[in-house]
There are 2 protein chains.
Amino acid sequence: MKKTVFVFSALIIALLLLFKLSRYAYLSGDLSIEIVIGVIAIVFFVVGIYINKKSLQKEKNHFIDHKKIEELGISKREYEVLVQISKGFSNKEIADTLFLSESTIKTHVSNLLVKLDSKRRTQAIEKAKNLQILPI
Amino acid sequence: MKKTVFVFSALIIALLLLFKLSRYAYLSGDLSIEIVIGVIAIVFFVVGIYINKKSLQKEKNHFIDHKKIEELGISKREYEVLVQISKGFSNKEIADTLFLSESTIKTHVSNLLVKLDSKRRTQAIEKAKNLQILPI
DNA sequence: TCAGTACTCATACTAAAGTACCAAAAACAC
DNA sequence: GTGTTTTTGGTACTTTAGTATGAGTACTGA
């Protein structure tokens, strides 16, 4: 969050500087009006694309709602299991990668199904993605 | 595709007009350099955001790769079943909504698993989303 | 019309997934 | 340090999921 504020502040300052600079450059007769307008247009065009890309990244994709996870009472281990499930692994495979027994995974999955109000792991995946607690 | 070309052509023409207009407005003394530059900056900023949003929509989201579906030899019915699976329904539930027997669904699912090179339905969902044959 | 493909369904089976209940370490908060 | 939650694991069971095989029907292109 601090980083975002910093980047935006720097951006605004840079744009204001550009603004002033272009005005000076034009008034002092170094540049024609076409070039000044062209440069301004290109710069703001690129800035628009950049800002939009950043905001979309946070909104749509990789943003995970940690509050929601807490609200639902999903523990760390349970969440780890949920992630593995969403990648299409079986209970046995998850047990092996997390160095646990299959029984443990079954317990975690069962708890997850209750907490996500689902009857099947596929349904749990769907719900989790809709609730933005899993990357879409 | 035709629509895209049209929109872009109109956009470019509008921007060129704006460009010329701003130059004329300034030279004729109606507007100050600050206002001209400001308007140009805002317009190009908005255009940048708009174009970026459009391109990202097509790239990342709701675009379904029908070619890929055909390549994999997935039939219409099979694809319908795949969609239902990805929504978290059981074979029985899918059978009921499509007015088929559970046996038929099992056959379709089995074929899907072969065609998507998967061992489980959850894995099939993952692969299908990566291949962009299911909405992400 | 005939071959090929897609679609449907059944049986019989194996393999996962999921439930219910219990219980003991381990981590954590107060 | 005591109570609470988390994590781990087990047994025994039911329910889904998935495989293998066969077979009839419907549609489609040559």
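Please read these numbers as outputs of a predicted model, since none were measured by experiment. The analysis underlying the following values was restricted to heavy atoms, covering all of them including side chains, and did not include hydrogens, waters or symmetry mates.
Put simply, A:Arg77 has a side-chain N or O that comes within less than 4.0 Å of OP1 or OP2 on D:dT8. One finds a side-chain N or O of B:Asn91 lying less than 4.0 angstrom from the OP1 or OP2 phosphate oxygen of D:dA17. The side chain of A:Ser101 contributes no N or O atom lying less than 4.0 Å from OP1 or OP2 of D:dT8. Under 4.0 angstrom from either OP1 or OP2 of C:dT8 there lies at least one side-chain N or O belonging to B:His108. One finds a side-chain N or O of B:Thr104 lying less than 4.0 angstrom from the OP1 or OP2 phosphate oxygen of C:dC9. Remark: B:Arg121 is in phosphate contact with D:dG18, judged by side-chain N or O atoms under 4.0 Å from OP1 or OP2.
Across the protein-nucleic acid pair, A:Ile74 atom CD1 and D:dT5 atom P stand 17 Å apart, rounded to whole Å. The separation between B:Glu78 atom CD and C:dT8 atom P is 10 Å, rounded to whole Å. In this entry the distance linking CG of A:Leu113 with C1' of C:dT19 reads 10 Å, nearest Å. Regarding A:Ile85, its CD1 atom lies at a distance of 7 Å from the P atom of C:dG18, rounded to whole Å. When rounded to the nearest whole Å, the span between CG of B:Leu116 and P of D:dG18 equals 12 Å. Atom CD of A:Gln123 is separated from atom P of D:dT16 by 13 Å (rounded to the nearest Å). Taking atom CG of residue B:Leu112 and atom P of nucleotide C:dA6, one finds them 13 Å apart after rounding to whole Å. Rounded to whole Å, the distance from NZ on A:Lys106 to P on D:dT11 is 12 Å.
Judged by distance alone, the side chains of A:Asn111 and A:Arg77 never bring a donor and an acceptor atom under 3.5 Å apart. Of the N and O atoms on the side chains of B:Thr107 and B:Thr104, not one donor lies less than 3.5 Å from an acceptor on the other residue.
Both A:Lys76 and B:Glu102 lie close to DNA chain D; mapped to their nearest nucleotides by heavy-atom distance, the more 5′-ward contact belongs to A:Lys76.
In this structure the side chain of B:Arg121 reaches within 4.5 angstrom of the side chain of B:Asn91, judged on heavy atoms.
Comparing C:dA16, C:dT8, C:dT19 against the side chain of B:Leu100 picks out C:dT8 as the nearest. If you check C:dT11, D:dT8, C:dT19 against the side chain of A:Thr107, the one that comes closest is D:dT8. The side chain of A:Ser103 approaches D:dG10 more closely than any other nucleotide in the set C:dG18, D:dG10, C:dA6.
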Next item on the list: Take A:Phe45 and B:Ile49, measure what side chain to side chain contact (heavy atoms under 4.5 Å, CB included) needs, and give me the verdict at the end.
Entry: CA-CA 8 Å; A:Phe45 182 74; B:Ile49 287 179; over 6 Å; no
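Heavy atoms from other residues, nucleotides or ligands lying under 6.0 Å from NZ of A:Lys127 number more than 12.
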